[in-house]
Amino acid sequence: MLHYAVVFLVIALIAALFGFGGIAAGAVGIAKVLFVVFLILAVASFLFGVIRKG
């Protein structure tokens with residue numbers, strides 16, 4: 001999931017470099033959403049791992 005967030009961020013940077021503002025804004029929005037989902041899943045995985053060992 002983090003990989004896809006980085007991919008969309010790179011797409012946004014390239015699109016912004018060439019002047020495609022709308023595409024860049026969309027790619028940045030997708031990258032932000034994927035990063036937040038990654039963080040939530042990472043924290044949940046960590047918490048479930050701690051609970052199972054305890």
Side-chain angles (χ1 to χ4, degrees):
M1 177 109 22
L2 186 59
H3 172 74
Y4 292 121
V6 172
V7 168
F8 276 106
L9 182 62
V10 169
I11 290 171
L13 290 173
I14 292 171
L17 181 68
F18 289 117
F20 299 109
I23 296 171
V28 167
I30 293 171
K32 284 181 184 179
V33 169
L34 288 175
F35 185 71
V36 168
V37 170
F38 165 76
L39 286 179
I40 291 169
L41 291 176
V43 169
S45 176
F46 174 73
L47 291 177
F48 285 130
V50 169
I51 291 171
R52 286 184 75 189
K53 289 185 180 185

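Computed over heavy atoms, backbone and side chain alike; hydrogens, waters and symmetry mates excluded. These numbers come from a predicted model, not from an experiment.
Phe46 pairs by the side chain to side chain contact (heavy atoms under 4.5 Å, CB included) definition with Val50, not counting sequence neighbours. Looking at residues two or more places apart in sequence or on another chain, you find a side chain to side chain contact (heavy atoms under 4.5 Å, CB included) between Leu39 and Phe35. Not counting sequence neighbours, the partners of Val7 by the side chain to side chain contact (heavy atoms under 4.5 Å, CB included) test are His3, Ile11. Listed by chain and residue number, Met1, Tyr4, Ala5, Phe8, Ile30 satisfy the side chain to side chain contact (heavy atoms under 4.5 Å, CB included) test with Leu34 (two or more places apart in sequence, or in another chain).
Here Val36 sits in one hydrophobic cluster together with Ile40; the rule is ILVMFWY side chains under 4.5 Å apart, joined directly or through other members.
The CG atom of Leu9 sits 10.5 Å away from atom CG of Leu2, with the distance rounded to the nearest 0.5 Å.
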